[in-house]
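Each remark here refers to the structure printed beneath this line.
Note on naming: letters A, B, ... go to the chains in the order of the sequence lines (proteins, then strands), and numbering restarts at 1 for each one.
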Amino acid sequence: MKTPALAHPADLAPRLLRWFDQHRRDLPWRRTTDPYHVWVSEVMLQQTQVTTVIPYYEGFLKAFPDVQALAAAPLDAVLGLWAGLGYYSRARNLHAAARVICTKHGGRFPDDYEAVRALPGVGEYTAGAVLSIAYGMRLPALDGNAFRVLARVWGVRGEVQRGPARRRLVALGREAVPTDRPGDYNQALMEQGSQVCVPRQPHCGECCLADICVALAQGLQEQIPESRRAAPTHVTMSAALVLRRGKVLLARRPPTGVWGGLWELPNTEGDERQLLASLRDAFGLASSEAVQFARLTHGIMNRRVTLTAYLVPGNTGRSRASGHEAVAWVDPAAADGHAMPAPHRKLLARLAEHLRAGRLAL
DNA sequence: AACCCGGGGAG
DNA sequence: CTCCCAGGGTT
């Protein structure tokens with residue numbers, strides 16, 4: 001099969017828009033051009049799938065119907081509505097940015113690119129997405145899906161995440177944005193990547209760009225874009241389910257750094273012995289008993305954590321919180337509203353399930 | 001069980 | 001620029 005002539009950037013928009021008009025999913029944030037709503041949806045959609053986002057989007061906007069409401073809310077309320085979504089720095093940044101919008105931009109989401117980029121949590125992608133969708137500005141919005149589509153259409157080899165290949169794709173992607181309906185075009189490009197031009201076994205037979213796709217013509221659609229892989233790092237950690245009168249001990253991390261501001265189970269790197277030492281030193285809990293309760297693995301990109309959870313009676317000792325902002329004794333079944341690291345959230349869910357089923361007596 | 005995927009901030 | 005942060009889906 002012969003390689004077709006390289007596509008002109010302007011070839012993409014008509015194909016993608018025609019496809020999008022027939023196949024667009026009806027999503028809550030596609031029924032509005034309110035920049036605040038679009039912004040919230042775009043932030044939630046970072047690293048998170050559509051089906052997961054929908055209920056959070058609706059609950060969030062119900063609680064904070066406009067920028068003013070979000071800015072006026074305490075951070076805890078915002079984190080509470082984010083609980084379970086993960087990547088909580090997004091919520092902190094959203095909250096901080098809402099306050100900037102109210103103090104510096106009169107409560108209206110700015111329509112100036114540089115002003116938008118200056119908002120916390122808004123990078124090149126989010127700025128382009130919100131401004132094109134809400135205000136019809138001709139700006140690219142290139143997420144991982146879009147980069148994959150562009151790399152295949154133009155048969156761009158090499159590392160797509162950075163370097164010369166990335167710069168070339170950014171340039172092509174910018175040229176390809178049409179003056180008319182740039183927001184729909186951006187959504188079409190990303191949706192095409194997520195629904196048709198998927199990472200493995202792409203559905204080229206139903207792709208509206210097949211006639212101009214270099215990767216397809218060369219049979220390289222599985223090889224482009226090239227994936228870079230670092231060796232995963234392994235870590236062993238232990239966490240404590242400290243129980244007292246049916247409640248479990250949570251501690252709140254400092255506002256910055258890893259898992260900033262989140263409620264977590266007491267935990268350490270290392271094994272049971274180090275966990276008990278940490279409970280003594282940081283929480284003043286002099287327990288010597290620890291019964292293994294569960295083990296799970298928690299992976300984030302190329303980091304692998306093996307986390308073992310231990311049941312520890314909390315009757316003895318007092319609890320303080322060196323290294324933490326606060327401690328709380330929480331009903332395991334009612335911990336959903338706390339913003340917690342994903343693995344700790346899973347452990348608490350398992351604990352609540354055991355308690356509910358009567359498999360564990362306290 | 002093994003495979004894959006990403007956007008923003010800090011410096 | 002590079003490095004750091006920190007969850008989930010598909011096969």
**Request:** Output the distance between atom CH2 (A/Trp29) and atom OH (A/Tyr57), rounded to the nearest 0.5 Å.
**Result:** 7.5 Å

**Request:** To the nearest Å, give me how far apart CG (A/Leu169) and P (B/dG6) are.
**Result:** 13 Å

**Item:** Rounded distance (Å) that lies between atom P of B/dC5 and atom CD1 of A/Ile224
**Value:** 14 Å

**Prompt:** Out of B/dG8, B/dG9, B/dC5, which has the shortest distance to the side chain of A/Arg148?
**Reply:** B/dC5

**Message:** Quick check on C/dC1: is either OP1 or OP2 less than 4.0 Å from any side-chain nitrogen or oxygen of A/Arg167?
**Reply:** yes

**Atom pair distance, as rounded to whole Å: CZ in A/Arg304 and C1' in B/dC4** = 10 Å

**Request:** Rounded to the nearest angstrom, tell me the gap between atom CG in A/Leu85 and atom P in B/dG6.
**Result:** 19 Å

**Asked** Taking the six-membered ring for Trp, is the centroid-to-centroid distance between A/Phe109 and A/Trp39 below 6.0 Å?
**Response** yes

**Prompt:** Base, sugar-phosphate, or nothing for A/Tyr125, non-hydrogen atoms under 4.0 angstrom?
**Reply:** sugar-phosphate

**Asked** A/Trp329 ring centre to A/Arg244 NZ or CZ under 6.0 Å, with the angle to the axis within 45°?
**Response** yes

**Asked** When you check the phosphate oxygens OP1 and OP2 of C/dG9, does a side-chain N or O of A/Thr52 lie under 4.0 Å from one of them?
**Response** yes

**Prompt:** Minimum heavy-atom separation for A/Met190 to A/Asn145, with atom names?
**Reply:** O-CB, 3.6 Å

**Request:** Indicate whether OP1 or OP2 belonging to C/dG7 is found under 4.0 Å from a side-chain N or O atom of A/Trp259.
**Result:** yes

**Request:** Would you mind classifying the nucleic acid contact of A/Gly84 as base, sugar-phosphate or nothing, using non-hydrogen atoms under 4.0 angstrom?
**Result:** sugar-phosphate

**Item:** Rounded distance in Å between the P positions of C/dA6 and B/dG11
**Value:** 15 Å

**Message:** Considering every strand and a 4.0 Å limit on heavy-atom distances, what is the contact class for A/Arg92: base, sugar-phosphate, or nothing?
**Reply:** nothing

**Request:** Please tell me which of A/Val122 and A/Gln47 maps to the more 5' nucleotide of DNA chain B, matching each residue to the nucleotide holding its nearest heavy atom.
**Result:** A/Gln47

**Request:** Assign each of A/Arg200 and A/Tyr88 to its nearest nucleotide of DNA chain C by heavy atoms, then name whichever residue's nucleotide is nearer the 5' end.
**Result:** A/Tyr88

**Request:** Map A/Met340 and A/Arg162 onto DNA chain C by nearest heavy atom, then report which one ends up closer to the 5' terminus.
**Result:** A/Arg162

**Prompt:** Centroid-to-centroid, A/Trp82 to A/His95, below 6.0 Å?
**Reply:** no

**Prompt:** Starting at CD of A/Gln201 and ending at P of C/dG9, how long is that distance when rounded to a whole Å?
**Reply:** 20 Å

**Prompt:** When you measure from the side chain of A/Lys346, which nucleotide among B/dG9, B/dC5, C/dG8 comes out closest?
**Reply:** C/dG8

**Message:** Base of C/dG8, side chain of A/Gln49 - is there a donor-acceptor contact under 3.5 Å?
**Reply:** no

**Message:** By nearest atom, which of the nucleotides B/dG6, B/dG8, C/dG7 is closest to the A/Gln161 side chain?
**Reply:** B/dG6

**Prompt:** What is the distance, rounded to the nearest whole Å, between atom CD of A/Glu124 and atom C1' of B/dG9?
**Reply:** 14 Å

**Asked** What's the CE-C1' distance between A/Met237 and C/dA6, to the nearest Å?
**Response** 12 Å

**Asked** Between B/dG8, B/dC5, C/dG8, which nucleotide has the shortest distance from any of its atoms to the side chain of A/Thr126?
**Response** B/dG8

**Message:** Side-chain N or O of A/Thr48 versus OP1/OP2 of C/dG8: is the shortest distance under 4.0 Å?
**Reply:** no

**Prompt:** What distance, rounded to whole Å, do you find between the two P atoms, one in B/dC4 and one in C/dC5?
**Reply:** 24 Å

**Complete:** Taking B/dG9, C/dG8, B/dC5 as options, the one with an atom nearest any side-chain atom of A/Ala342 is C/dG8

**Prompt:** Atom CG of A/Asn145 to atom C1' of B/dC5: distance rounded to whole Å?
**Reply:** 9 Å

**Item:** Heavy-atom pair with the smallest gap, counting every atom of A/Pro110 and A/Leu131
**Value:** O-CD2, 3.7 Å

